[in-house]
Structures are given as C-alpha cells and as structure tokens.
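Structure, as structure tokens:
First the proteins, then the strands, lettered A, B, ... as listed; each starts at 1. As the structure is a computational prediction, the values presented were derived from the model and not from experiment.
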There are 2 protein chains.
Amino acid sequence: MSVVPIKKAPEPTIRRLPDYYHYLKWMQSNGREVVSCTHIARDLDLDPTQVRKDLAVTGIRGKPKVGYLVTPLIESIENFLGWNNLTDAFLVGAGSLGTALLGYQGFKQYGLNIVAAFDKDKRKIGKKIHGKEVLPLDKLPGLAERMHILIGVISVPAESAQAAADVMVEGGIRAIWNFAPVSLDLPEDMVVQNENLASSLAVLSRQLAEAVK
Amino acid sequence: MSVVPIKKAPEPTIRRLPDYYHYLKWMQSNGREVVSCTHIARDLDLDPTQVRKDLAVTGIRGKPKVGYLVTPLIESIENFLGWNNLTDAFLVGAGSLGTALLGYQGFKQYGLNIVAAFDKDKRKIGKKIHGKEVLPLDKLPGLAERMHILIGVISVPAESAQAAADVMVEGGIRAIWNFAPVSLDLPEDMVVQNENLASSLAVLSRQLAEAVK
DNA sequence: TTTCAATCGAGAAATATTTATCGATAAGAA
DNA sequence: TTCTTATCGATAAATATTTCTCGATTGAAA
Ligand SMILES: NC(=O)c1ccc[n+]([C@@H]2O[C@H](COP(=O)([O-])OP(=O)(O)OC[C@H]3O[C@@H](n4cnc5c(N)ncnc54)[C@H](O)[C@@H]3O)[C@@H](O)[C@H]2O)c1
Ligand SMILES: NC(=O)c1ccc[n+]([C@@H]2O[C@H](COP(=O)([O-])OP(=O)(O)OC[C@H]3O[C@@H](n4cnc5c(N)ncnc54)[C@H](O)[C@@H]3O)[C@@H](O)[C@H]2O)c1
C-alpha cells in the first residue's frame, strides 16, 4: 500500500547496484542515451541475465531491441537506494582514516553528507578538518537528536568502537557504518554495515595464494 | 598433489574468517584456551553450524564437548589465508586515502606490508609518508620486478586507476587491491579485489530506507 | 509490408550457501 | 562405572542466488 513499493532485493544485487550506477553515469557523461544489459554485462564482466534481474529490482523497464534509457535508469537506481537526496551524517574518530573520509567528496554522490566529526582528543576538538568541525563526543547525542541525524560513521580504534556506537544510539542515530574491525552489540532495530577491509584482503590473499601455488 | 591442500572454500566463508580471527585474538589475549562454535556464534551473531563449517575449511578439528583450542585455530586461519608471513606491497596514489592506508599498522596483522608509495605529484615525490618513500610512478615496474612485489594497492582517482593497474601488471604484480570506484580491465591471471565503499553504503542506505519507511 | 536480429521479461534449471538433523565422542556428574 | 550433556562432524534439507531457455516485442533492413 506504500507509494514506493519496497521490494526486498537480494543483498548481492544491492551491492552491485553502485557499479551499474557509476558505469551509467559515465555513459551519460559520454552522451549515451540508451544502453542494453548485453553491453553493461560485457563492460562490467557480468552475466547479462544477472544485469537484467539486478536492474529490475529498482522497478525500471527496458525496451526490447534497444535496452534501457540511461537517465531514467540512473534515477531509478538513485531512488531505490535513497541516493536522490542527501542524508546528513556524523563521524566519530577524526584520525587518519576519519580525515580521509571527511575529505572525500564522492560520498555526496551516494547521498551521504558528513556534517561534523567527533573525537576525544583535546588537540583536535575545535579544529576544522576539510571544513568540518571537530566536536567533543559528549555533544553528539544532543546534536544528533536536534539535527535528526540518522547515519553515524565510526572510525575510532577497535576498543572504542562500542562506546562510540552507544553514544550514537543514545542520540537517536539509526544506521551505523563501522570501519573498526569489531562487531558491535546493538539494539535490534539498528542498521549496521561493517566495512571490513580485512574481508577483502582475506579474499585477495587467498586468491593470490591459489594463483601462485 | 600439493603439500598444502588447496580446498576451494565459499567466498562468504573467506570473508567471515577475519571476523573469527579478530575474535579469537581477543579471546587469546584474555587468556582463553578453548572456545566452542556455540560461543563464537553467540558473540558474533551467527549460526553455530555455519561457524563450524567455516572453521572446517581451514583444516582445523575440534573436540566434542570442549570445542577448539584457540591458538592452533588462530594459526590455522593465518595459514589458510597466508597471513602467517608478511607479503610486501606497493601503493599507488599517496592522497588522502593513500596516506591513511600507508599509516595503518593493522595491515601487518593481515600479512600485508606496504613498503613504498608511488604518485605523479612532483610535490609528493621524494617525501616520506609514515616512514614510507613516495616515488615517481615510472619507477614502479622496475622496482616491483626487482623486489618481487606481488600485491599492489590502488588509491588514485577513478580516471587514473586503469593506468595505475597497467603499470602494476607491467611490473609483474599479481594481485591488485583497488579502492577506486571502477572495474579494471586486466589479464585473466590477475587477482583483483575492488574495495567498494559504495557497495556497503548502498546496503546501509537501503536498509535504513526500509527501517524508517 | 515482411523478415530479421537484438533484446527484454518470466520462469525453469542449476549452483551455492545456509540451516537443520542426527549419531558419535568426550568431559564431568551421579 | 554409568549417565548426562555439550559439542563436533557429516549429511540432508531448505533457501538464496546465478545461469539458462524461450516466447514476445521492437526497430531496422529487405
Ligand atoms: N587507517 C586505515 O587505513 C584503516 C584501515 C582499515 C581500518 N581502519 C580502522 O579504522 C579505525 C581508525 O583507524 P585510524 O588509522 O584512523 O586510527 P587513528 O588512531 O588515526 O584515529 C583514531 C581517532 O579516534 C579518536 N578516538 C579514540 N578513541 C575515541 C573515543 N572513545 N571517542 C572518540 N574518539 C576517539 C582518536 O583521538 C583518533 O583521532 C580503526 O578501528 C582501524 O582499525 C583504519
Ligand atoms: N578519501 C576517501 O575516503 C575515499 C573513500 C572511498 C574511495 N576513495 C577512492 O580512493 C581514490 C583516492 O581518493 P583520495 O580521496 O585519496 O584522492 P586524492 O585526490 O586525495 O588522492 C589521489 C592521489 O593520486 C595521485 N594521482 C593521481 N593520478 C595519478 C596517476 N596517474 N598516477 C599516480 N598517482 C596519481 C594524486 O597525485 C593524489 O596524490 C579515489 O578513487 C576515490 O574514489 C576515497
């Protein structure tokens, strides 16, 4: 009965969507108006049927013999992922990685707008990093609530991650993007994504071991 | 016929292995000597059977009623992932993200040792970042060959990523960890992992959209 | 207008992955 | 010693995901 039908899509599909999105943006900037699954699949090294199924979850429909219209397809993906309007976010841990994340312009494209950073280091508090203020952690809950912040990014050392998460929960944050290599203990209704660099590295290491064996 | 039997393991399993690894290291540092799948599963919020199957791919065997010995289990995972000895790597793109990666001590734990960085920016070349030299890109192939570097990390802007990859291939590098949001066109026998932050963010965005709908 | 080739969409088949079941084993209690 | 319980390992069942097949549609060429 909702206006935007929330179809549940396989997670692997959702993970591939950004690849299509980048590809399509690039096609668009090249003046391309239509594109078929066959071509996308060839360029992205995927199965054409899979591309078709993946795109279908966003609700788009293609035309036989031609394919999909690039611009509506981009919009369809943006809409599906909620990337059509910016969501403000807070970051905790303005260290090495945190600084890189604060400065990354690319997130805007994905609907993510990190508006402020929080840290416990007195030397960092009050400073600005890439134009964003660094505030003391205890200010987070109040501000998050007041500003209706929904997303929190954690880039503190592993041992402080749970504490950072707790503060976020306190501030009414609903989704956490966690860069620390620990699994967080959170209320049922919280959304979490662990950005686990070690996972990718594990796959890489393993494949390399197999390749050079 | 190989000495180390290369069983092919499901990729999801390999991706979970680092989580067990961290968890076990932590258990170890707490003086824990044995641990069962049941406990691991509870703490990591997984299915006990899955934990058992995952650990089994590394070749370890547990004891009924007790579980697994922590230290041998850690070694078994390290061995399986090739994390028991350091592999040297080169990084291309000493920018914002590259700097964070160069300074990250955690990679050592995963058997990865970034020994030098390469960039095209004259102002960066010759400098040291976190104790690692920044060299001109055209030095990469020769050095990589001479030092038998097998792993390359790409942290240049998307439009330069393919060029960086090509140079790595030229230098005999066999595995690429790519942080740029593009899919690289590489020879068959190259190993690649795209560290796609956008993928995680997509899942997060989507789940958040569903959670607050 | 008719034919042809490219492509879509839907459903079926094949694979991969996760979850459940069950007998065997070991440690500790009775 | 015997009983009980937690756990393992193997196999089976269930579920999820990818890949295949095929009829329908469309635009362009004959
Ligand atoms: N640097 C990388 O390339 C990299 C790569 C993968 C994962 N990570 C993970 O990201 C996290 C951060 O890594 P980093 O290299 O940026 O570390 P870092 O030490 O450079 O930065 C950590 C920051 O968190 C702050 N901090 C510590 N405890 C805090 C607390 N309780 N509340 C608020 N702020 C606190 C510190 O003051 C510091 O500014 C770590 O968990 C690390 O494992 C980093
Ligand atoms: N910063 C982040 O948090 C972040 C997050 C996700 C993904 N990324 C991706 O990582 C990559 C790097 O991001 P960044 O923020 O560090 O960018 P950056 O601009 O800070 O750094 C890029 C570096 O690459 C160098 N470079 C450019 N072209 C080169 C070439 N052809 N050869 C050698 N060096 C070259 C530049 O001199 C610069 O030092 C980008 O592809 C970006 O999309 C970054």
When you measure from the side chain of B:D47 to the backbone N and O of B:T49, does any donor-acceptor pair fall under 3.5 Å? yes

Please check this pair: side chain of B:T58 against backbone of B:I77, looking for a donor-acceptor N/O pair closer than 3.5 Å. no

Span of DNA chain C, from the first to the last nucleotide whose atoms fall under 4.0 Å of chain B heavy atoms: C:dT17 to C:dA27

Only one of B:L101, B:V156, B:L91, B:L197 clears side chain to side chain contact (heavy atoms under 4.5 Å, CB included) with B:F179; which? B:L101

Quick check on A:D45: does its CG atom have over 12 non-hydrogen neighbours (other residues, nucleotides or ligands) under 6.0 Å away? no

Should we say atom NZ of A:K132 is surrounded by more than 12 heavy atoms from elsewhere, each under 6.0 Å from it? yes

Under the rule for side chain to side chain contact (heavy atoms under 4.5 Å, CB included), what residues qualify as partners of A:E170, not counting sequence neighbours?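 Scan of A:E170 (side chain to side chain contact (heavy atoms under 4.5 Å, CB included), adjacent residues dropped) gives A:P141.
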
Min side-chain heavy-atom separation [X]-[Y] under 4.5 Å:
| X | Y | result |
| --- | --- | --- |
| B:L44 | B:V51 | no |
| B:F118 | B:L143 | yes |
| A:N84 | A:E75 | no |

Taking the inter-plane angle between the rings of B:W83 and B:Y110 on a 0 to 90° scale, is it parallel (under 30°), tilted (30 to 60°) or perpendicular (over 60°)?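 Aromatic pair B:W83/B:Y110 classed tilted.
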
Using the ring of each side chain (for Trp, its six-membered ring), is B:W26 parallel, tilted or perpendicular to B:Y23, with breaks at 30° and 60°?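 Rings of B:W26 and B:Y23: tilted, 30 to 60°.
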
I need a per-nucleotide contact map over nucleotides 19-30 of chain D, read 5' to 3'. Cutoff is protein heavy atoms under 4.0 Å; write B for the base, S for backbone only, - otherwise. BB----BBB---

Please collect all side-chain hydrogen bond (donor to acceptor under 3.5 Å, both in side chains) contacts where either partner lies in residues 154-164 of chain A, sequence neighbours excluded, each pair once. A:Q162-A:D166

Where along residues 18-42 of chain A does a heavy atom fall under 4.0 Å from DNA chain C?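 Hits under 4.0 Å, by residue number: A:S36, A:C37, A:T38, A:H39.
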
So how far off straight is the helix from C:dT1-D:dA30 to C:dA30-D:dT1, going by the axes through five pairs at either end, to 10°? 0°

If you find the nucleotide of DNA chain D closest to B:I60 and the one closest to A:E11, which residue's nucleotide is nearer the 5' end? B:I60

